[in-house]
Amino acid sequence: METTATGSPLRAGGREWLGLAVLALPTLLTSLDTSVLFLALPHISADLDPSGTQQLWIVDIYALMIAGFLVTMGTLGDRIGRRLLLLIGASLFAVASVLAAYSSSAEMLIATRALLGIAGATLMPSTLGLIRNMFQDPAQRAVAIAAWMSTFMLGIAIGPLAGGALLDSFWWGSVFLLGVPVMLVLLLTGPLLLPEFRSDEAGRVDLGSVLLSLLTMMPIFYGIKELAADGPGFLPLGALVVGAVFGVLFVMRQNRLTSPLLDLSFFRNSTFSSALTVMLIGSAVMGGITLSISQFLQLVEGMSPMRAGLWLLPAAVSVIVSGMASVGLAQKLGAGNVICGGLLFTVIGGVMLSQVDDSSGVGYVITCFSLVYFGIGPMSALTTDIVVGSAPAEKAGSAASTSETSTQLGVALGVACLGSVGSVVYSNEVEGAVPSDVLGDAAATANDSLAGAVTVAPQLPGDAGAALLESARSAFVSGMGAVGVTIGVLVAAMVVLSAVKLRKGPSGGGDQPAGPAADDGEAPDAMAKAKPVPSSESI
């Protein structure tokens, strides 16, 4: 760590804050990219005529590649240079975006989406690792990470709006071309504003560990997503078992290597491990409730994607406001206390959502949603800072990739688990409420999901369709209430964990970050051995 003459961390200046604005660009894009694809999928299906399986791969391959390569890319950036890896990834992302936009077949689109995922895996850990190195003062770093997280949330919020606007005026490929100007700006400004950092102790990249990490993360992520889509079955459960087996082999290999792909000593720091756990559960809550509210707005209230996106904006604003405000509060009260206080709002939102019924209305539901998001804002901003700040600077990329992996898995778990809670309640309630003249495949489709009921209803004669929709929408609202109960219970447990384990973590106010081998948040005597490479270095 560079310090001033008095030994305090060197404070960031104007160049670093401009660099943060540059780093916000790929962050905004990666969060926006997923949501716009959901809107484009019907247009893609009409043009390329993919099979049902191909449609799933078009959607899922991007996230699978990101999940599989995050650990590898985070560590690779520590070794070859984070700026270098970021610019390589940006170049690949721009090229893959053009190829995806002009794909002439489903197979070509799947392949280009896979390339986008590999490129995307370089962006998040590289940006977060660079922030760790650019903002060495703990208070400034906390503000920078909170701003970075706010950009991520903004991308989620404006995705439906941006996608809807593009699809109203252009063809489906335009949603992919969004990435090209963003990456061009990054490529032009990155070498001027972003310093280079790499570890002095970088060893070779162990290809066996890379393979094992892929064989661990991709089956687990795939299994979770399939459980969310189709429920328990041989394929998703088998994928989870396969991923777990390779995960054990991955851990065994890391413990034997002198230069592991992932330094497992991070996890001996209880503050680091607890922050990751809180992040995992918090991301699960966000993923699960966002799915439920999005379906409520479009399938129960009958809104268009753009109008639904507008109704989602209050929650996005609330999480940005609370996340940014949490930095200053953490300097005075401590990160653990602020996280606990914020999560109490999430518990209140979950309890309020548990009371939802057919007469509640959109305003009530969005209030519950906004309270949940408002409470998660401090958790998102401060746990990310704790995780990254708990690692020495030369391993910031590896720590950042661990953080992003936890977030990705959390969102997938939330969609799977909270989605399943809602689905079970929905199926139980709608089964006895489907009108008797709805038979056979139509009844099975309606019993499966609200989306199925919406599809079947127009095909039914007389008043049967309207009766089916009324029953299905009421059952869905009951399932959403069950999701609220689950959120309340999960987040109450997070409050306890945060109060017990995160009180010693970096608070953004001068706390010394703990090293990976330190336990219970104790700070090491020496800081990172990573050295900044002069910014004039050629890329």
Side-chain angles (χ1 to χ4, degrees), residues 1-4 7-24 27 74 77-78 82-83 86 124-152 193-197 266 269 271-272 275-276 279 320 323-336 338-339 377-404 407 502 504-516 518 521 523-524 526-528 530-532:
M1 176 191 292
E2 295 182 67
T3 59
T4 63
S8 59
L10 191 65
R11 290 180 61 82
R15 179 183 173 190
E16 283 76 19
W17 291 108
L18 285 173
L20 177 64
V22 172
L23 292 176
T27 304
D78 290 340
R82 290 167 200 155
R83 186 181 68 178
L86 178 66
M124 298 299 279
S126 295
T127 55
L128 193 49
L130 281 167
I131 289 172
R132 169 67 176 85
N133 292 119
M134 292 161 60
F135 297 90
Q136 298 182 26
D137 177 78
Q140 287 189 319
R141 186 182 67 236
V143 172
I145 288 178
W148 178 81
M149 285 299 301
S150 296
T151 303
F152 184 81
L193 296 174
L194 302 177
E196 180 63 287
F197 286 91
F266 288 153
N269 178 345
T271 301
F272 180 93
L276 275 183
M279 187 181 296
I320 292 171
M324 294 301 299
S326 67
V327 176
L329 290 173
Q331 294 178 35
K332 300 175 182 178
L333 305 175
V338 175
I339 291 171
M379 180 280 300
S380 298
L382 299 177
T383 53
T384 302
D385 183 39
I386 289 171
V387 168
V388 177
S390 293
E394 83 271 11
K395 294 183 178 178
S398 181
S401 67
T402 307
S403 168
E404 289 307 313
T407 300
L502 298 185
K504 296 181 181 181
S507 65
D511 289 343
Q512 194 84 359
M527 278 304 290
K531 303 294 184 183

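Heads up: numbering here begins at 1 and tracks the sequence.
Between Leu194 and Gly19 the shortest heavy-atom distance is CD2-O, 3.6 Å. Gly323 approaches Ser326 most closely through the heavy-atom pair O-OG, 2.6 Å. Of all the heavy atoms in Ala335 and Leu382, the pair that sits closest is O-CD1, 4.0 Å. The two residues Ala275 and Ile386 come nearest to each other via the heavy atoms CB-CG2, 3.7 Å.
Arg83 has its side chain out of reach of Pro195: every pair of non-hydrogen atoms, C-beta onward, lies at least 4.5 Å apart.
To the nearest 0.5 Å, atoms CG (Leu20) and CD (Gln140) are separated by 11.0 Å. Atom OG of Ser150 is separated from atom CD1 of Ile145 by 11.5 Å, given to the nearest 0.5 angstrom. Taking CG from Leu276 and OG1 from Thr383, the interatomic distance works out to 8.5 Å, rounded to the nearest 0.5 Å.
Taking the six-membered ring for Trp and the full ring otherwise, Trp148 and Phe135 have centroids separated by 6.0 Å or more.
Using a distance-only test at 3.5 Å, with no hydrogens or angles considered, no donor-acceptor pair links the side chain of Glu16 to the main chain of Met134.
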Step-by-step side-chain contact (heavy atoms from CB on, under 4.5 Å) determination, Leu23 to Leu86: CA-CA 9 Å; Leu23 292 176; Leu86 178 66; 3.6 Å; yes

